[in-house]
Amino acid sequence: MAIIGAGFGGIGAAIRCLQNGFDDLVVFERAADVGGTWEVNTYPGAQCDIPSALYSFSFAPNPDWTRLYPLQREIQAYIARCADDFGVTPHVRCGHDVSDASWDDLAQVWRLTVNGSAFTADVLVGATGPFSEPSRPDIPGLDDFDGDVFHSAQWDHAWSPEGKRVAVIGTGASAVQFVPQLQPRVAHLTLFQRTPTWILPHPDRPIPQRVRSMFARVPVTQRALRGVCSIVQEMMVPGLVSHPSLLKPAAALGRWHLRRQVADDKLRAALTPTYSFGCKRPTFSNRYYPALAAPNASVVSDPIVGVRPAGIETADGRVHEVDTILLGTGFKLAAGEGFSRIHGVDGRSLSQVWGNGEMKAYMGTSVAGFPNFFMILGPNSVVYTSQVVTIEAQVDYLVDALKAMRRRRIRSFDVTQSAQDRFVDEVDKGLEDSVWNTGGCSSYYLSPSGRNFTFWPGYVFTFRRAMKHVNWDDFDVRTGIPTRPAASTTTQEVVVG
């Protein structure tokens, strides 16, 4: 088995496979260390917006979280520790970029090219995650800017904000986190905002040592907290999926938070969202609004028309002179380069099959025409809670399939187009009244045509139940005598390390 990516998805898949006797596997990670999103996103203030009690594998609770919402460095360390503790680390190849993965239908295997070397795998797991490829905006003149330019996911730690005139493009979760970190240190911070973000008061607090000690001594206490956090997250589902009016209290809290922290009427109007709460990803912060209300900060809502060597020009004709441009512009969810590297039965890549970002899959995991391929956090697999929960359900689905392959001597299985179409239709119907479809905004949740390719239309427990076992009636299955022991899932034509 070949697993692409060593974040929560890749490490989680490797752990469960090893625990079930599938030990012929390699995890390819292009970065220098494990951690995925949490290895590369090292910008100041990087923090998860899911409670720490819920942001871990259910089988590997971490009593040592220092805050209610975990920090980037702690999450990365947790993933690395899980890889060590569960014996995955020897199977990980960091600094190994998969440039091509193509299905060989005659041999019934995947053929991979990794750092110029060839590998063969019976099963391919795509665990690159949705936040793996930074999105750089297509702004005329950006490459000709005289100062520093970098994305939040490619933070230049040699760069110093002291005394700089800094422009921030984007108002997503990363910008909400790093803006308050930079504002007190810069000469001036200018936020270029296309759409304001819903911001709620942040409930984050340090976790006292005595509480962490209790979690370690009495694990049931942390499991109880995890359960409470899960219920709170689940309470959002009816409002998001079917009855957006239920989200009005959250919107009222957001407006109150803005009024409380921003006194200036003009600035407050600029920062007030005009779309429904939840349509775009809301976030938490107690420092974002005060940072933007500071004397050395300004918010620009006029559209950007181009970048000049000395600054950013907006539609009103003004050139805002700056020394540094920071891109908080998110990630390529539907147009990631990695999708162009995976080729199915007919030689077409995932990018070509999906065309213009129209991502579709069966159970958020399998794609018609790509046998023996599993996506972690694929289209319409996201549940409104910790994505580690989604990952665990998909990994259980993977393991169930591997057991059937071993038991029934299955060489390959490919979801039928009709089964995939049926699943997509059911998802679309389940989301037609959701806030993402009716909330009056465009977001990275939606494809260019407006289809929601991100969310599962229901609760966590319905997703877990759906992913418990593979429905083999929805697959074209080929059986035969394997060329090696049935428990083996990976061979290498060139061995690394």
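Quick caveat, the model's predicted, so the values are computed rather than measured.
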Without hydrogens or angle criteria, can the side chains of Ser242 and Asp433 be said to hold a donor-acceptor pair below 3.5 Å?
no
Measure centre to centre between the rings of Trp38 and Tyr78, then say whether the value is under 6.0 Å.
no
Passes salt bridge (charged side-chain N to carboxylate O under 4.0 Å, His left out), Arg478 versus Asp414? Steps please.
CA-CA 9 Å; Arg478 295 189 189 182; Asp414 186 5; over 6 Å; no
Residues at least two apart in sequence or cross-chain that pass ring pair (Phe, Tyr, Trp, His ring centres under 6.0 Å) with Phe374, listed by chain then number, are Phe413
Closest heavy-atom pair and its distance - Glu39, Thr42:
O-CG2, 3.5 Å
Looking at Asn437, is its backbone amide N or carbonyl O close enough to the side chain of Glu432 to form a donor-acceptor pair, meaning the two atoms are under 3.5 Å apart?
no
Between Asp104 and Arg111, does a salt bridge (charged side-chain N to carboxylate O under 4.0 Å, His left out) hold up when you go through it step by step?
CA-CA 7 Å; Asp104 183 335; Arg111 299 197 183 279; 2.8 Å; yes
Report the relative orientation of the aromatic rings in Phe461 and Tyr459; use parallel for angles under 30°, tilted for 30 to 60°, perpendicular for over 60°.
parallel
Charged N-O contact under 4.0 Å between Asp400 and Arg16
no
Using the six-membered ring of Phe22, assess whether NZ or CZ of Arg406 lies under 6.0 Å from its centre and within 45 degrees of the ring axis.
yes
Minimum side-chain heavy-atom gap Thr128-Met375 below 4.5 Å:
no
Does the pair Asp204/Arg67 count as a salt bridge with the N-to-O cut at 4.0 Å?
yes
Calculate, to the nearest 0.5 Å, the distance between atoms CD1 and SG belonging to Ile75 and Cys48 respectively.
5.0 Å
Spell out, as yes or no, whether a donor-acceptor pair under 3.5 Å connects the side chain of Ser418 to the backbone of Thr416.
no
Interatomic spacing from CD1 in Ile199 to OG1 in Thr171 - rounded to 0.5 Å
8.0 Å
Any sub-3.5 Å donor-acceptor pair from His202's side-chain atoms to Arg287's backbone N or O?
no
Quick check against the 3.5 Å criterion: does Gln222 have a side-chain atom that pairs as donor or acceptor with the backbone of Asn62?
yes
Any heavy-atom pair between the side chains of His343 and Arg348 that's under 4.5 Å?
no
Looking at Ser99, is its backbone amide N or carbonyl O close enough to the side chain of Asp97 to form a donor-acceptor pair, meaning the two atoms are under 3.5 Å apart?
no
A side-chain contact here means heavy atoms from C-beta on lying under 4.5 Å apart; do Ser230 and Leu54 qualify?
yes
What distance do Arg411 atom CZ and Asp122 atom CG have between them, rounded to the nearest 0.5 Å?
7.0 Å
Is a donor from one side chain sitting under 3.5 angstrom from an acceptor on the other, for Thr66 and Glu74?
yes
Would you tell me whether Asn115 and Ser117 have side-chain atoms, one donor and one acceptor, within less than 3.5 Å of each other?
no
Could you go through the salt bridge (charged side-chain N to carboxylate O under 4.0 Å, His left out) check for Asp421 and Lys360 one step at a time?
CA-CA 9 Å; Asp421 292 343; Lys360 296 178 181 180; over 6 Å; no
Across all chains, not counting sequence neighbours, the ring pair (Phe, Tyr, Trp, His ring centres under 6.0 Å) partners of Phe86 are Phe59
Can you confirm whether Val34 sits close enough to Glu29 that some side-chain heavy atom of one is under 4.5 Å from a side-chain heavy atom of the other?
no
With a 4.5 Å heavy-atom cut-off, do Leu446 and Tyr444 have their side chains touching?
no
Ignoring hydrogens and angles, tell me if any N or O in the side chain of Ser135 forms a donor-acceptor pair with the backbone of Phe331 under 3.5 Å.
no
Side chains of Asp105 and Trp103: donor-acceptor distance under 3.5 Å anywhere?
yes
Enter the distance from Glu426:CD to Lys429:NZ here, rounded to the nearest 0.5 Å.
9.0 Å
For Asn372 and Gln108, which I'm curious about, is there any donor-acceptor pair between the side chains at under 3.5 Å?
no
Kindly check if the number of other-residue, nucleotide or ligand heavy atoms within 6.0 Å of CE (Met214) is above 12?
yes
Without swapping roles, check the side chain of Ser412 against the backbone of Pro371 for a donor-acceptor pair under 3.5 Å.
no
Side chains of Cys17 and Leu402 in contact at under 4.5 Å (non-hydrogen atoms)
yes
Partners passing salt bridge (charged side-chain N to carboxylate O under 4.0 Å, His left out) against Arg81 (at least two apart in sequence or in another chain):
none
Of all the heavy-atom pairs spanning Ala361 and Val367, show the shortest one and how long it is.
CB-CG2, 4.0 Å
Is any side-chain heavy atom of Trp456 less than 4.5 Å from a side-chain heavy atom of Val382?
no
Between Asn380 and Arg451, is there a side-chain donor-acceptor contact under 3.5 Å, judged purely by atom types and distance?
yes
So does Gln209 get a backbone contact from the side chain of Ser213, meaning a donor-acceptor N/O pair under 3.5 Å?
yes
Will you find, in the side chains of Tyr384 and Gln233, an N or O donor that is under 3.5 Å from an N or O acceptor?
no
For residues Trp110 and Ala101, report the shortest heavy-atom separation together with the two atoms involved.
CZ3-O, 3.5 Å
State, with a plain yes or no, whether a side-chain heavy atom of Leu112 is found less than 4.5 Å away from one of Leu124.
yes
Step-by-step ring pair (Phe, Tyr, Trp, His ring centres under 6.0 Å) determination, Trp155 to Phe178:
CA-CA 11 Å; Trp155 199 267; Phe178 71 70; 5.3 Å; yes
Just to verify, which of Phe8, Tyr69, Trp65 counts as forming a ring pair (Phe, Tyr, Trp, His ring centres under 6.0 Å) with Tyr55?
Phe8
Closest contact, heavy atoms only, Ser152 versus Ser174:
OG-OG, 3.4 Å
Single hit among Thr454, Asp49, Thr197 for side chain to side chain donor-acceptor pair (under 3.5 Å) with Arg281:
Asp49
For Ala368 and Gln420, work out which heavy atoms get closest and say how close.
N-OE1, 2.7 Å
Are any side-chain N or O atoms of Thr283 and backbone N or O atoms of Ala173, one a donor and one an acceptor, separated by less than 3.5 Å?
no
Parallel, tilted or perpendicular: which one describes the rings of Tyr445 and Trp436, with boundaries at 30° and 60°?
perpendicular
Under 30°, 30 to 60°, or over 60°: which ring-plane class applies to Phe339 and Trp354, parallel, tilted or perpendicular?
perpendicular
Can you check side-chain hydrogen bond (donor to acceptor under 3.5 Å, both in side chains) on Thr385 and Glu234, steps first, answer last?
CA-CA 7 Å; Thr385 185; Glu234 289 277 73; over 6 Å; no
Side-chain H-bond candidate by donor/acceptor type, Glu392 with Ser58, under 3.5 Å
yes
Donor-acceptor side-chain pairing of Thr390 and Gln394 below 3.5 angstrom
no
What is the minimum heavy-atom distance between Gly430 and Val241, and which atoms define it?
O-CG1, 3.7 Å
Short side-chain to backbone donor-acceptor contact, His91 and Thr89, under 3.5 Å:
no
Kindly compute the distance separating CZ (Arg30) from CD1 (Ile4), expressed to the nearest 0.5 Å.
10.5 Å
